[in-house]
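Reviewing the structure listed below.
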Amino acid sequence: MIEARHLRVLRAVATTGSFSAAARELGCTQPAVSQQMKALESSAGTPLLIRTGREMRLTQAGEALVRHASGILAGLTAAEEEVAAIAGLRAGRVRLVSFPSGSSTLVPGALAALRAAHPGTQVSLVEAEPPRSVEMLRDGDCDIALAFRYGATGDEWEDLVVRPLLTDRLIGLLPEGHRLAGAETVGIGELAEESWIAGCPRCRRQLVEVCETSGFTPRIDFATDDYPAVIGLVGAGLGVAVLPALAIESVRPKGARTVTVEPAVEREIVALTLPDLARVPAVAATLDQLSRAAAR
């Protein structure tokens with residue numbers, strides 16, 4: 001394998017015309033230059049220099065290697081500078097995927113703080129619900145996945161770095177004219193006869209499980225992944241719903257009232273990444289800012 005340090009010595013020898021002059025230029029000894037040239041010829045598998053008395057000239061192979069050396073060393077220098085910039089957070093990119101209510105509440109503040117602290121770091125954002133967002137992370141389509149889960153679900157994330165952000169409680173949402181709209185707390189069983197409006201598939205499954213635990217199966221008349229649509233349907237008096245607090249925080253619930261629902265149902269909000277990615281400075285800085293945004 002040809003090493004960059006050997007190419008630097010060859011270029012110096014070719015430029016100066018001798019080992020001693022190359023040694024002076026490189027700030028080392030003549031024997032060191034001679035030793036590195038022997039190592040380079042061994043790696044190349046052919047002589048690179050012809051020594052005739054005090055004169056020294058390049059072989060055809062030596063001329064070819066010197067011709068390429070400048071480009072190789074310039075490219076290596078550029079690569080070293082780019083890597084140093086990324087390591088120092090003067091450059092770099094992070095691909096973030098988030099579920100919608102996280103995108104509208106946690107992400108904006110985190111990315112604004114990241115940009116202020118490290119303006120050279122670029123972040124892209126796409127939206128996806130778990131488990132799709134987690135699949136994207138494992139497939140290499142993103143660097144950080146903002147995700148959630150209801151309760152412990154075994155080892156589904158055991159191969160990932162899990163950064164807990166916050167616990168998000170489900171909040172009841174009733175039309176303003178509903179008989180229970182003025183209550184502070186509502187037992188979910190009191191809504192057994194209501195028409196329900198359900199959210200994303202994972203939240204929908206959780207709703208059914210909670211209701212069945214309370215002794216009834218909810219009659220879901222409307223289902224949509226669009227939280228503003230859920231709130232709009234409730235506000236129009238078409239049913240009741242439970243939504244994560246983050247979702248309600250991001251939309252003004254016009255025509256609807258929020259109530260605390262018992263038993264309490266919570267989802268865990270986390271940021272996920274791969275172990276190797278967690279050591280990348282830009283990814284680590286983004287995770288830190290997401291944690292700070294969640295703590296506000």
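Scope of the values below: all heavy atoms of this structure, side chains included, with no hydrogens, waters or symmetry mates.
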Using the rule given for side-chain contact (heavy atoms from CB on, under 4.5 Å), can you reason through Leu137 versus Leu160, listing the C-alpha separation, both sets of side-chain angles and the distance that settles it, and then say yes or no?
CA-CA 9 Å; Leu137 176 62; Leu160 306 175; 4.0 Å; yes
Between the main-chain N or O of Gly199 and the side-chain N or O of Arg204, is there a donor-acceptor pair closer than 3.5 Å?
yes
Is Val123 linked to Ile86 within one hydrophobic cluster, defined over Ile, Leu, Val, Met, Phe, Trp and Tyr using a side-chain heavy-atom separation of less than 4.5 Å?
no
Rounded to the nearest 0.5 Å, what's the gap from CD on Gln36 to CD on Glu41? Could you check?
12.5 Å
In terms of side-chain heavy atoms, does Ser291 have a donor or acceptor partner in Arg163 at a distance below 3.5 Å?
yes
Kindly work out whether a path of hydrophobic side-chain contacts (I/L/V/M/F/W/Y, heavy atoms less than 4.5 Å apart) joins Val83 to Leu89.
no
Might you point out which heavy atoms bring Leu207 and Ala198 nearest each other, and give the distance in Å?
CD2-CB, 4.3 Å
Rounded to the nearest 0.5 angstrom, the CG-CZ distance for Leu165 and Arg292 is 12.5 Å
What's the verdict on side-chain contact (heavy atoms from CB on, under 4.5 Å) for Val210 and Leu170, showing C-alpha distance, side-chain angles and the deciding distance?
CA-CA 11 Å; Val210 170; Leu170 295 189; 5.8 Å; no
Hydrophobic cluster identity match, Tyr150 and Ile220, side-chain contacts under 4.5 Å
yes
Under 3.5 Å, is there a donor-acceptor pair between the side chain of Ser42 and the main chain of Lys38?
no
First locate atom CD1 of Ile269, then atom CZ of Arg149, and finally report the distance between them rounded to the nearest 0.5 Å.
11.0 Å
Looking at side-chain heavy atoms only, is the closest gap between Ile188 and Thr213 below 4.5 Å?
no
All side-chain hydrogen bond (donor to acceptor under 3.5 Å, both in side chains) counterparts of Arg24, not counting sequence neighbours:
none
Is the backbone N or O of Leu191 less than 3.5 Å from a side-chain atom of Trp196, with the two atoms forming a donor-acceptor pair by type?
yes
Using the rule that two of Ile, Leu, Val, Met, Phe, Trp, Tyr join whenever any of their side-chain heavy atoms come within less than 4.5 Å, decide whether Leu26 and Met37 are in one cluster.
yes
Glu135 with Arg132: basic N within carboxylate O range, under 4.0 Å
yes
Side-chain (Ser133) to main-chain (Ser98) donor-acceptor, under 3.5 angstrom:
no
Minimal non-hydrogen separation, Pro201 against Asp225, with atom names:
CD-OD1, 3.4 Å
Basic-acidic side-chain contact under 4.0 Å: Glu262, Arg169:
yes
Remaining members of Val97's ILVMFWY cluster at a side-chain heavy-atom cut-off under 4.5 Å?
Val126, Met136
Tell me whether Ile144 shares a hydrophobic cluster with Leu166, the cluster being built from Ile, Leu, Val, Met, Phe, Trp, Tyr side chains joined at under 4.5 Å.
yes
Taking atom CZ of Arg57 as the centre, does the number of heavy atoms from other residues, nucleotides or ligands within less than 6.0 Å exceed 12?
no
Would a 4.5 Å heavy-atom cut-off, applied to side chains only, mark Arg267 and Pro244 as touching?
yes
Within the distance-only criterion (no hydrogens, no angle test), does the side chain of Asp168 pair as donor or acceptor with the backbone N or O of Leu246 below 3.5 angstrom?
yes
Matching residue for Val186 among Val242, Thr260, Leu180 - test: side-chain contact (heavy atoms from CB on, under 4.5 Å)
Leu180
Would you say Ser103 and Glu127 are linked by a side-chain donor-acceptor pair, where the criterion is simply a distance under 3.5 Å?
yes
Test side-chain contact (heavy atoms from CB on, under 4.5 Å) applied to Val9 and Leu40, step by step
CA-CA 9 Å; Val9 171; Leu40 179 57; over 6 Å; no
Just so I know, are the side chains of Leu58 and Leu48 near enough to count as touching, which here means a heavy-atom distance under 4.5 Å?
no
All heavy atoms of Thr16 vs all of Ala22, minimum pair found to be OG1-N, 3.3 Å
Minimum side-chain heavy-atom gap Leu173-Ile197 below 4.5 Å
no
When you measure from the side chain of Arg202 to the backbone of Phe148, do you find a donor-acceptor pair of N or O atoms at a distance under 3.5 Å?
yes
Between Pro175 and Val240, is any pair of side-chain heavy atoms under 4.5 Å apart?
yes
d(Leu76 CG, Leu7 CG) to nearest 0.5 Å is 9.5 Å
State whether Arg179 and Glu194 are salt-bridged, where the test is any N-O pair (Lys NZ or Arg NE/NH1/NH2 against Asp/Glu carboxylate O) under 4.0 Å.
yes
For a quick test of reading the model, state the closest non-hydrogen atom pair linking Ala256 to Val234 and the distance between them.
CB-CG1, 3.9 Å
Once you round to the nearest 0.5 Å, how far does CD1 of Ile171 lie from CG of Leu243?
9.5 Å
Of all heavy-atom pairs linking Pro164 and Val270, the shortest is CA-CG1, 4.0 Å
For residues 274-287, which side-chain donor-acceptor pairs fall under 3.5 Å, sequence neighbours excluded?
unit_1: Asp276; atom_1: OD1; unit_2: Arg279; atom_2: NH2; d: 2.8
unit_1: Thr286; atom_1: OG1; unit_2: Ala282; atom_2: O; d: 2.8

With a 4.5 Å limit on heavy-atom distance, are the side chains of Phe19 and Met56 in contact?
yes
Crowded around Gln35 CD? As in, over 12 foreign heavy atoms under 6.0 Å?
no
Test side-chain contact (heavy atoms from CB on, under 4.5 Å) on Phe222 and Val230; report intermediate values, then the result.
CA-CA 8 Å; Phe222 303 97; Val230 173; over 6 Å; no
Closest non-hydrogen atom pair, Glu129 against Pro100:
OE2-CD, 3.3 Å
Side-chain contact test, heavy atoms from C-beta onward, threshold under 4.5 Å: evaluate it for Val134 versus Glu156 and give yes or no.
no
With the side chain counted from C-beta on, respond yes when Val162 and Leu272 share a heavy-atom pair under 4.5 Å apart, and no when they do not.
yes
CG of Asp288 to CG of Leu114, rounded to nearest 0.5 Å, is 9.5 Å
